Amino acid sequence: MAEIREVALPNTSDVYRPSDAIVEHSNVMAYARSRGFSSYEELYQWTLDNNEQFWADMASELEWFQPWEKVLDDSNKPFFKWFVGAKTNIVHNAIDRHAASWRKNKLAMVWEGEDGTQRTFSYHALNREVSKMANVLKSVGVKKGDIVTIYLPRIPELPMMMLACAKIGAAHSVVYGGFSEAALADRLAHSQSTVLVTADGGFMRGKIVELKKIADEAMARTPSVQTCLVVKRTGHTINMEIGRDLWLHELMGLPIAAADCPTEVMDAEDPLFILYTSGTTGKPKGVVHTHGGYMVGIYATLKMVFDIKEEDRYWCAADPGWITGHSYIVYAPLITGATSFMYEGAPNYPFPDRWWSLVSKHSISILYTAPTAIRGLMRFGEAWPSRHDLSSLRLLGSVGEPINPEAWKWFYSVIGKDRCPIMDTWWQTETGHFMITPTPVVPLKPGSATRPFLGIEADVVHEDGTPCGPNEDGLLVIKRPWPGMMRTILNDPQRYVDTYWTRLPGMYAAGDSARKDEDGYIWVIGRLDDVIKVSGYRLGTAEVESALVSHPAVAEAAAIGLPHEVKGNSIHAFVILRAGFEGSPKLEEELRAHVGHELGPIARPDAITFVSVLPKTRSGKIMRRVLKARAQGLPEGDISTLEE
Ligand code: PRX
């Protein structure tokens, strides 16, 4: 079981307890008291025993155009429905209700560019900009139910465009700005988007990323795109195709971009967005999330876990193009009425203290990031953070992969000065929101995401579904539905059933291996499938392999992830060349660049080995586990199914 281990299980019994002041003033304790409980344990049990009541409590803190008739409809498992019959729009809760309240002049979004440019938006200003963009989208023919693809750098127009789509009932499909043309073309084609929103370029480490150029190549492969809206960010010369490409700022200056736009009334179960994520086989799958349940789930988790208070300045340092950004940069902070900070560039540009200078400059109180970023900054030593006043910080967070205890402790003591609890949040694109996570009242063990969130029933089980004993390796499962769960895979409901709900009947199989210790703390080990987490980004071996075989020299390829000190995993590829080609360092470099061009820099293999055969099962499946063991000089395990 769990033979593919991404990170060695930390062997530590340290426990870090939050201060009484943090516990006492936490949102989660306030909720516990309102329900008549004095302990988190009692509250958690109550949320399982009264699951629908708990989620209804959370939903009642938001505004609905029409209330629900039923909290959960489980009559057609695993196609669950939440808040059935309710009408809402996530944008009403994220913007409209704040813009109509005392918060209208509160800052919703603070942005700093890599070059130091700053832009700020109050809830009132955000409402105006999003409304104008929504009217622009309408003017180019976007209607309720359409899917708009967004391919933008980390600039305010990215969250605004997502919100503008949601406001008029169109679903957005955001493609991460670090992806390249094949990745963009596949997603455009699959979603049949007729409108693409991009920018001339973005800035990263002082250089221009040529987004429009990549978009042009992707659009050449996908004739479905009829309109391309272009945000001006870099101002360098780009190709603008007449009849297809339009500058957003020009349209925003026309009367069609009126500053008010009605927020579309949506059914709670109407799609809000599609987000493509890598799976075990084939092309990435389009995960579908909805307006109602997703809104409730992200709101409740952000409020309780990151303990959002009116005066907070909250910074989730992910990219809006991934689920972490969708849920916890864009939607949830706005729903809670918080002030959310966003930074455009690289953490160590121009110097390794850029992030720490931002914390002090903007008085950040909550910083949510990923183990890979922490490890990357840790390398530069304590002198860089110690130059800055980090006393505004109150809570820290981690997501994306298991955090090794050394990085945890560095984050805790050097950045958090031994007083900021770390919320190690385990969740997935598919789950929509945090599933296993501490709240500020839970004692912490470095490396463990601790306990399931309120209302969430998670467990570690054997292949037959029976629970594992303490510290036994098993499959991580979720045993009951939750509001922000994905509803299906776009155009492929059967794949949704097969991927998540068939392995263990009645349970959601997350695809991770984990252990539960004697205290009920869950320790996630890593992926069980052919998904590689590189710097916290999720990539499928299948995607890297298909990028490699699209090169004329390559006949066959296999990609694996090997442990890497900073990135968590790095990609190593094994390649069989076509007749007439010979392996050389030059060809290796060419293939690495080819993958970078097709998929994006994050997918570029660290090393490529030319081989004449690949280990396969008798049914022809590549045994990546064997390649991985060989590459690390480890025992190959059970090879009885290996082809002669
Ligand atoms: O393996 C788990 C890992 O990231 C996977 C989900 O990846 P993605 O859909 O890209 O979402 C990442 C951000 C929510 C999981 O199956 N993972 C995520 N968070 C953690 C984690 N592994 C351990 N600890 C975490 N906190």
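Please read all numbers here as calculations on a predicted model, not as lab measurements. First listed ligand is number 1; within each ligand, the first listed atom is number 1.
- Shown in contact with Val399 at under 4.0 Å from a heavy atom are these atoms of ligand 1, numbered in order with element: 13 (C), 14 (C), 19 (N).
- Residue contact annotation: Pro402 has a non-hydrogen atom under 4.0 Å from ligand 1.
- Note: Tyr508 and Tyr500 meet the aromatic proximity criterion, with ring centroids under 6.0 Å apart.
- When each atom of ligand 1 is checked for a heavy atom of Arg538 under 4.0 Å away, the hits are 6 (C), 7 (O), 8 (P), 9 (O), 10 (O).
- A donor-acceptor pair is defined here as one N or O able to donate and one able to accept, closer than 3.5 Å; no such pair exists between the side chain of Ser535 and the backbone of Tyr537.
- The nearest protein atom to atom 2 (C) of ligand 1, hydrogens excluded, is given as Asp512 OD2, 2.9 Å; this is a heavy-atom distance.
- Annotation for ligand 1: atoms under 4.0 Å from non-hydrogen atoms of Trp427 are 6 (C), 14 (C), 15 (C), 18 (C), 19 (N).
- Ring-centre distance between Trp426 and Tyr521: not below the 6.0 Å cut-off.
- Within a 6.0 Å sphere centred on CD of Glu565, heavy atoms belonging to other residues, nucleotides or ligands number 12 at most.
- Each of the atoms 22 (N), 23 (C) of ligand 1 lies under 4.0 Å from some heavy atom of Val524.
- No N or O atom of Ser398 sits closer than 3.5 Å to an N or O atom of ligand 1.
- Taking the six-membered ring where tryptophan is involved, the planes of Trp315 and Tyr343 are perpendicular, since the angle between them exceeds 60° and thus also 30°.
- For ligand 1, the atoms closer than 4.0 angstrom to any heavy atom of Thr324 are 13 (C), 14 (C).
- Residue Thr277 places no N or O, backbone or side chain, under 3.5 Å from any N or O of ligand 1.
- Ligand 1 lies less than 4.0 angstrom from a heavy atom belonging to Gly400.
- In this comparison of Lys533, Gln428, Arg527, His433, the heavy atom closest to atom 7 (O) of ligand 1 sits on Lys533.
- In terms of polar-atom proximity, defined here as any N/O pair under 3.5 Å, Trp322 makes no such contact with ligand 1.
- One finds a salt bridge joining Glu457 and Arg480 here, because a Lys/Arg side-chain nitrogen approaches an Asp/Glu carboxylate oxygen to under 4.0 Å.
- Without hydrogens or angle criteria, Arg487 side chain to Met485 main chain gives a donor-acceptor distance under 3.5 Å.
- Listed for the Asn51 side chain is a donor-acceptor partner under 3.5 Å among the backbone atoms of Gly455.
- Applying the ring pair (Phe, Tyr, Trp, His ring centres under 6.0 Å) test between His326 and each of His433, His289, His172 identifies His172 as the sole match.
- At a heavy-atom cutoff of 4.0 Å, ligand 1 is contacted by the backbone of Thr425 but not by its side chain.
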